[in-house]
A.B. asks: 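Input: one structure, supplied below.
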Amino acid sequence: MSKNRKNTLKAAATVTLALSLTLPAASALAASPAPVSQSGTALAPLRETATGLGATVHWDQNKQTITVKKGAHVLVLQPNKKEALLDGQTVTLNNSVRIVSGQTLIEPAFMNKIFPTAETPADPADDFMDLLKAGNGTEAAAYVGPEAAVLLSADVLGKLWSNYESIFGKVSGQAVKTEATNSVHRNVTYTFQAANTPFLVTLRMNAQGQIDDFFANTVTPSLYQKPAYDNSDAYTEQEITVGEGAMALPGTLTLPKGDGSFPAVVLVHGSGPHDRDSSIGSAKVFRDLAAGLASQGIAVLRYDKVTYEHSMKVSADQKFTLKRETVDDALAAVKLLKNNAKIDASKIFVAGHSQGAFAVPMMIDADKNDDIAGAILLSGPSGKFADILALQQKELVSRVKQSGLDATLFEQQAAQYTAVADMVNDPKYTVDNMPANFPMPPAYWWYEQKNYVPSEVAKKQTGPLLILQGENDWQVPLSQLDGWMQALKDRTDVEYKSYPKVNHLLAEYDGISIGSEYYQPSNVSKSIVDDIAAWVKKTK
C-alpha cells in the first residue's frame, strides 16, 4: 500500500491515548453564534468575545467559575452574578453573566473595556500548546471544540505530551511555528527537535479558534521538484471543500484554462493519512498527476484524506471502515464535480492509487446514479487486503536480498505481518467475533472487509477500466495485475498496461525498488500521465 498498514495506524496512534478514559463534562462555554438581548443591552457568547480580544477562557465545573486571562490580567466571573473579580478587585457588570441553552453570554462592551484590543492578541494555539507541554490537561481541555471534546478529555490531554516524548524523545529548544489555512481548518504546526527524531504537531483549529483535531508525525524532509510536463500556464487551481459537516475535507480543483466543459478525474488515496498531494518522501504523486493531466485539458480534483485532516476523530471510531475511509469521500468529490458548470458531467472518472484502486469496485457499486464514467486503477491490489500485506513483505525480503543487504530485520517484520494476515484470514474470527488485542487496530477495519476481493466484485460490473501497474513495485507486486487480468478476462471494457521501471510511487527507478528511493526527488512517469490523458479523452 502507499505506506504499510502498520505505519498508517501508528501515525494516527501518536495523537490518541486510551479511548476508554472517561469523557469530559460538557462545558457551558461552547460557542454560540446568536446574540441575546437583556434590558436593551446585547449579550454575546463569552468564548467568542474573549478569543476575539486575544484572551483565553477556562470553565471550572467544581467552583462554577469562569476565568478569562489576557497578559497579566485575570477576570473571574460567575453565572447569574453581576459582580466579578478583576486582578483580585471587585468590578460590577451592568447585567449578570447568563447561560442560555448551555451557552455563556456577556456584555461585549464590558469585555472590550477590560481587555482593550490595543494589546497584541494571544494565539489560542500557542496557549494550548504551552498547556499541553506543561501537562495541564484541565486548562487545555477548555480550548477544545465540541467535535473533538469526546476524545480530548482533560485526562487524555494531561498525558499526551509525555506520550509524545516517550515516542520521539525529550524535546530541546524552541519549536518552529508555521501555519496555513484551508477551507476547513486553520492549521498551526509546531516542529520540535527531540532526542530520538524531530517531529511535528499540527493543531487543526475550527472557525471559532478551538482545537478540532490533531496530526502528529515524524519530520520527513522533502526534496520535491515539479516535473517538466507541469505547464502551470495551462491551468488554474482553486480551494474547494469535499463533503460537509464535522468531517468535511479541504481540497484543490485544478482546472484547465478556457471555457470548458472539461472531462475530470477524482484522485483517491492509498492507505495512510495522506494530504491532497499524496506526499510521500520527496514525491508528490497526486500533485504530479493533477498538473500533468490539467496541462492536457483534463480537470483534476484532489483532497486531503479524512485520516489526515481528521486523524484524531477517525482514530476514536472503533468501527471505522474502508467505505468511510475511502469510498464515501470519493463519491462526494464526484458529486461536487457533477454540479460544476466547468465540468462535463458525463465524463467524470475516479483514479485510485493503491488502496484507492483496491476500493474502486466498491465505489462503482455505491455509485447508484451512475455518475462515474469510468475508473483508472493505479497499482491496485486484486486480492484480499490481508493477503497483499503478507505478499508485499515477502516481496520486500526478496528484493533486499537481491540488493545484497542484510535481510534479518525485514524477515522479522515479514513474519509479524504474515501472522497478522493469518489472524485476519482465520475463519473463526469475524466482525462479530474479533480477537482480543489485535495488533493493528482498529480490528473492525480488517474484519469488516476480510472477504472483499475487488477483482471478483469487478467481474460482475461494467464500465470502462484502465488498469496500470509498475513492474518495479514491491508494495503491490506485478502478480496483482495478473489477478485483475484473470478475473476480468471475459470483460471487453478493460485495458491494461505495465511499466518496467515504475515503482509504487508511479516513478521510474533504475534500481531495485525497496522504498529507500522514495526519499530521493521523483515524479510520476510521463508515460503514465500521457496514457491516462489519452484514455480519458477517448472514453465515452
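Here, residue 1 is the first one in the sequence, and each next residue gets the next number.
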A.B. asks: Would you say the side chain of Val188 lies within less than 4.5 Å of the side chain of Thr202, judging by non-hydrogen atoms?
C.D. replies: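 Thr202 vs Val188: side chains apart.
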
A.B. asks: Side-chain contact test, heavy atoms from C-beta onward, threshold under 4.5 Å: evaluate it for Gln208 versus Arg47 and give yes or no.
C.D. replies: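 With C-beta onward as the side chain, the pair stays apart.
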
A.B. asks: Over 60° means perpendicular and under 30° means parallel, so classify the ring planes of Trp446 and Phe438, tilted if in between.
C.D. replies: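 Rings of Phe438 and Trp446: tilted, 30 to 60°.
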
A.B. asks: Is Lys177 paired with Asp123 through a side-chain N to carboxylate O contact shorter than 4.0 Å?
C.D. replies: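 So Asp123 pairs with Lys177 through a salt bridge.
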
A.B. asks: Going by side chain to side chain donor-acceptor pair (under 3.5 Å), name the residues that satisfy it together with Asn196, two or more places apart in sequence or in a different chain.
C.D. replies: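 For Asn196 there are no side chain to side chain donor-acceptor pair (under 3.5 Å) partners, ignoring immediate neighbours.
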
A.B. asks: Would you mind reporting whether Val201 and Tyr164 have side-chain heavy atoms less than 4.5 Å apart?
C.D. replies: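 Yes, side chains in contact.
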
A.B. asks: Out of His504, His269, His274, which residue meets the ring-ring contact (aromatic ring centres under 6.0 Å, His included) rule with His353?
C.D. replies: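 Considering His504, His269, His274, a ring-ring contact (aromatic ring centres under 6.0 Å, His included) with His353 is found only for His504.
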
A.B. asks: Salt bridge or not for Glu325 and Lys305, using N-O below 4.0 Å?
C.D. replies: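 Salt bridge present between Glu325 and Lys305.
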
A.B. asks: Among Phe199, Tyr190, Tyr308, which residue meets the ring-ring contact (aromatic ring centres under 6.0 Å, His included) test with Phe215?
C.D. replies: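 Among the candidates, only Tyr308 passes.
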
A.B. asks: Just do the side chain to side chain donor-acceptor pair (under 3.5 Å) check on Asp406 and Thr408 with the steps written out, would you?
C.D. replies: CA-CA 6 Å; Asp406 184 358; Thr408 302; 2.7 Å; yes

A.B. asks: If you compare all heavy atoms of Thr241 against all heavy atoms of Ser183, which two are closest, and at what distance to 0.1 Å?
C.D. replies: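 Looking at all heavy atoms of both residues, the shortest contact is OG1-OG, 2.7 Å.
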
A.B. asks: Between Arg276 and Glu239, does any side-chain N to carboxylate O distance fall below 4.0 Å?
C.D. replies: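 A salt bridge is present here (some side-chain N lies under 4.0 Å from a carboxylate O).
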
A.B. asks: Is the shortest heavy-atom distance from the side chain of Phe168 to the side chain of Phe192 under 4.5 Å?
C.D. replies: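 Side-chain contact under 4.5 Å: no.
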
A.B. asks: Is a salt bridge present between Glu107 and Lys82, judged by a nitrogen-to-oxygen distance below 4.0 Å?
C.D. replies: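 No, this pair does not count.
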
A.B. asks: Going by an N to O cut-off under 4.0 Å, is there a salt bridge joining Lys313 and Asp212?
C.D. replies: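 Looking at Asp212 together with Lys313, the answer is yes, because their closest N to O distance falls below 4.0 Å.
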
